[in-house]
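Here is the structure we will look at, set down as structure tokens.
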Number of protein chains: 2
Amino acid sequence: MRATIEDVAREAGVSVATVSRALRGMDHVAEVTRDRVVATAQRLGYSPHFGASLLAGGATRTIGLVAPYYDIWYTSQVLAGVEEVLSAAGHDLVIYAADTPLNREQFLSRAHSLQTRIDGLLIVDFFPDVGQLQRLIESGLNLVAIGEDVARVPSLSIDNFDAAFRATRHLIEIGHTRIGIAGGQQVSLDTSPVLASRIDGYQAALADAGLKELAEYRLTGMLTVSGGRQAIDELADQLEPPTAVFFMSDEMAMGGLAQARRLGIDVPGDLSIIGFDDHDLAEATGLSTMRQRVRRLGSLAAERMLSLPDHDSGRVHELMPVELVVRDSTAPPR
Amino acid sequence: MRATIEDVAREAGVSVATVSRALRGMDHVAEVTRDRVVATAQRLGYSPHFGASLLAGGATRTIGLVAPYYDIWYTSQVLAGVEEVLSAAGHDLVIYAADTPLNREQFLSRAHSLQTRIDGLLIVDFFPDVGQLQRLIESGLNLVAIGEDVARVPSLSIDNFDAAFRATRHLIEIGHTRIGIAGGQQVSLDTSPVLASRIDGYQAALADAGLKELAEYRLTGMLTVSGGRQAIDELADQLEPPTAVFFMSDEMAMGGLAQARRLGIDVPGDLSIIGFDDHDLAEATGLSTMRQRVRRLGSLAAERMLSLPDHDSGRVHELMPVELVVRDSTAPPR
DNA sequence: CTGAAAGCGCTTACAG
DNA sequence: CTGAAAGCGCTTACAG
């Protein structure tokens, strides 16, 4: 039998109101009273009924997070950052998956009902269209976007255009003129503004240097290890393949690196490779990359969330730095 | 203003009891009535108050998961598997971190209060001692353990002894006699029964082959990329280093692989390396390993949880298969 | 098939 | 500093 607040009140010889106040550390409770109540609660193994306190007006002290996948490096880092901040603040984290269009739709239709369940929602790579955004906002939830800019929603992200521009420019600066890009064909996310921005940045860097862009240098494959393998296979079939490739994720780049080695393509002798993320294994692999601090992105987003809506930061889009890290996988063409 | 069940009842011209029954798809509601209620609820944007329905006796339809880390490959796979099953069943997932002893203690002291918040708890690498286990059980939560055997708690795991035995035997069978093991020094988890079992399996395989075990072949380092680097550094300093090493995780093995390359140690020529897990990058890296289906571990555990306590499987310890995968990183010594 | 009513266990003004 | 009481919004026997 669970002990209720009434049990504690009776045992401690006070009213339930006093128990409630004492246990939640509110003012205007005599120290002796509080001590007695706390001791009694402890003895009875009392803890408030979650539903009851919610109904009576308590906060859920729970934040939701929705992301497409949980089995990839990026999400795991975001999650770790978020979790760290939330748990330190005594908040819980509930996670939702929205990978397929169907799941996204299901999630959106639930969004409204989450209002009594969570205090806020962190969205990761959700890329809502106008209608979907409207539904999210109408849910009444506090929203913070991670890794993507969403109109009317505070967000933390990076400048994908600029990062891609600099990655490409690095390849240009060390002398490459035939430069490919891989990862645009992210099958399951039909339109990712993030990837679109990176492609734009890549194109701008080429144009800036007076280099022309070749359609066949736009390599297919998803942002995964096997996607990287696929991209390299595609490249290997070309008569005049690029001498450098910008992979839009490190996982993909490492898949590419491995496949290149397998096919006898020397990196960076025959082919320079630059990735994106600074994955845990990037340094060990000697992979040049654009480093983003994903875990920090998560923890900062969680902090923003916790300071909402009190210090309503008024729809701020914060940009996190991205750093070019040159390692062994990029070198001048020979 | 949130719409309440009363609003719906009034608008639909029925009692709140009928609304409640109609919306939850219970029997004994006339089709026409149900349709009218559903339509009204829809129109008013009604969704039940979570706290109210909990208090009135509803289930939380939420499962908790506690794990030490969320930024490692293993946990991300478990999580993805769990999430997949739970969301398909209409359940939510709330995650708790328990990495440091302090966090574990905090979590345990909360466990009891989670009873009104979640319907069950999945525990990953928690390794409770007798007292801690007692507290978990007394919390009254439905428990399922993942990756570890916990007395009196249904679990899904692998046979770590056997897997390590076979990994080591593989190295022996291809001709190695000086065989090291790396990863035992998992700093933050003072005593991991999982790693202890693997060390036992390693020792048993050596003993079985009449090989003697050298203390200096027990390499230090955590199960991470940098731990692998550290282990290889330690090995490189030895006068008569092992010719093969069993790394207790693929992430560590890949760190070791990279460091070996950096130091000019040829793999598998000078050194054979076998890992554990079959990480996404293991195949690309050509890493021989002991494959465990971590994602499946998660999804099966979630299924077990959902079938509790109805079909109380009566404290069953299920073992998942582990498969030796031989790739390029292991070869006979030269 | 439907409704009136009790009850779930808290929190929060309102008094004192 | 403390208590009595209303109220939060549901679900579930119990009647009919």
Side-chain angles (χ1 to χ4, degrees), chain A residues 1-41 44-62 110 112-119 140, chain B residues 1-41 44-62 110 112-119 140:
Chain A
M1 221 48 251
R2 279 182 44 79
T4 69
I5 197 173
E6 198 135 8
D7 298 329
V8 178
R10 191 182 330 106
E11 290 282 318
V14 293
S15 71
V16 297
T18 298
V19 173
S20 177
R21 283 187 287 250
L23 257 28
R24 284 177 305 137
M26 299 183 75
D27 283 348
H28 306 300
V29 178
E31 267 316 303
V32 286
T33 310
R34 187 190 306 277
D35 291 348
R36 186 153 37 95
V37 169
V38 168
T40 309
L44 300 184
Y46 167 76
S47 54
H49 183 109
F50 184 57
S53 54
L54 270 191
L55 179 56
T60 67
R61 298 189 71 80
T62 302
R110 272 193 71 190
H112 181 76
S113 75
L114 296 180
Q115 218 186 359
T116 54
R117 208 185 188 313
I118 57 181
D119 295 334
Chain B
M1 222 48 254
R2 280 181 45 79
T4 68
I5 197 173
E6 200 135 4
D7 299 329
V8 177
R10 190 181 332 104
E11 290 283 317
V14 293
S15 71
V16 297
T18 298
V19 174
S20 176
R21 284 186 286 248
L23 258 30
R24 285 178 304 137
M26 299 183 74
D27 281 348
H28 307 299
V29 178
E31 266 319 302
V32 285
T33 310
R34 188 191 305 278
D35 291 348
R36 185 152 37 93
V37 169
V38 168
T40 309
L44 300 184
Y46 167 76
S47 55
H49 183 108
F50 184 57
S53 54
L54 270 190
L55 179 57
T60 66
R61 297 189 72 80
T62 303
R110 273 193 71 189
H112 181 74
S113 75
L114 296 181
Q115 217 186 356
T116 54
R117 209 185 188 310
I118 57 181
D119 295 334

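Throughout, protein chains are lettered first and strands after them, A, B, ... in sequence-line order, and every chain is numbered starting at 1. Hydrogens, waters and symmetry mates play no part in the numbers below; they use all other heavy atoms, side chains included.
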Identity of whatever pairs with dA4(C) - Watson-Crick or G-U, under 3.5 angstrom = none
Assess whether one donor atom and one acceptor atom, taken from the side chain of Arg2(A) and the base of dG9(C), lie less than 3.5 Å apart.
-> no
Check: Phe50(A) main-chain N/O paired with Thr116(B) side-chain donor or acceptor under 3.5 Å | yes
Name the nucleic acid region contacted by Ala17(B), choosing base, sugar-phosphate or nothing; use a 4.0 angstrom heavy-atom cut-off, strictly under.
-> base
Grab the two heavy atoms, one from Val16(B) and one from Ile5(B), that are nearest each other, plus how far apart they are.
-> O-CD1, 3.5 Å
Paired nucleotide for dA13(D) [Watson-Crick or G-U wobble; both distances under 3.5 Å] = none
Checking dC10(D), dC1(D), dG3(D) against the side chain of Thr18(A) (C-beta onward), the nearest is dG3(D)
In this structure, which one of Val19(B), Val8(B), Leu23(B) forms a side chain to side chain contact (heavy atoms under 4.5 Å, CB included) with Val38(B)?
-> Leu23(B)
May I ask you to say what Tyr46(B) touches in the nucleic acid, namely base, sugar-phosphate or nothing, with a heavy-atom cut-off under 4.0 Å?
-> sugar-phosphate
Thr33(A) side-chain N/O to dT2(D) phosphate OP1/OP2 under 4.0 Å | yes
For side-chain hydrogen bond (donor to acceptor under 3.5 Å, both in side chains), just list the numbers for Ser113(A) and Arg117(A), CA-CA rounded to whole Å, side-chain angles, deciding distance to a tenth of an Å, and then say yes or no.
-> CA-CA 8 Å; Ser113(A) 75; Arg117(A) 208 185 188 313; over 6 Å; no
dA13(D) P sits how many Å from Arg24(B) CZ, rounded?
-> 11 Å
Using a 4.0 Å heavy-atom cut-off across all strands, classify His49(A) as base, sugar-phosphate, or nothing.
-> sugar-phosphate
Measure from CD1 on Ile5(B) to C1' on dA4(C) and round the result to the nearest Å.
-> 14 Å
Give the rounded distance in Å between these two atoms: CG of Leu23(A) and P of dT11(C).
-> 9 Å
With the side chain of Ala56(B) defined as its heavy atoms from C-beta on, choose the nearest nucleotide among dC1(C), dC8(C), dC8(D).
-> dC8(C)
Comparing nearest nucleotides in DNA chain C, the 5'-proximal residue of the pair Asp27(B), Glu6(A) is Asp27(B)
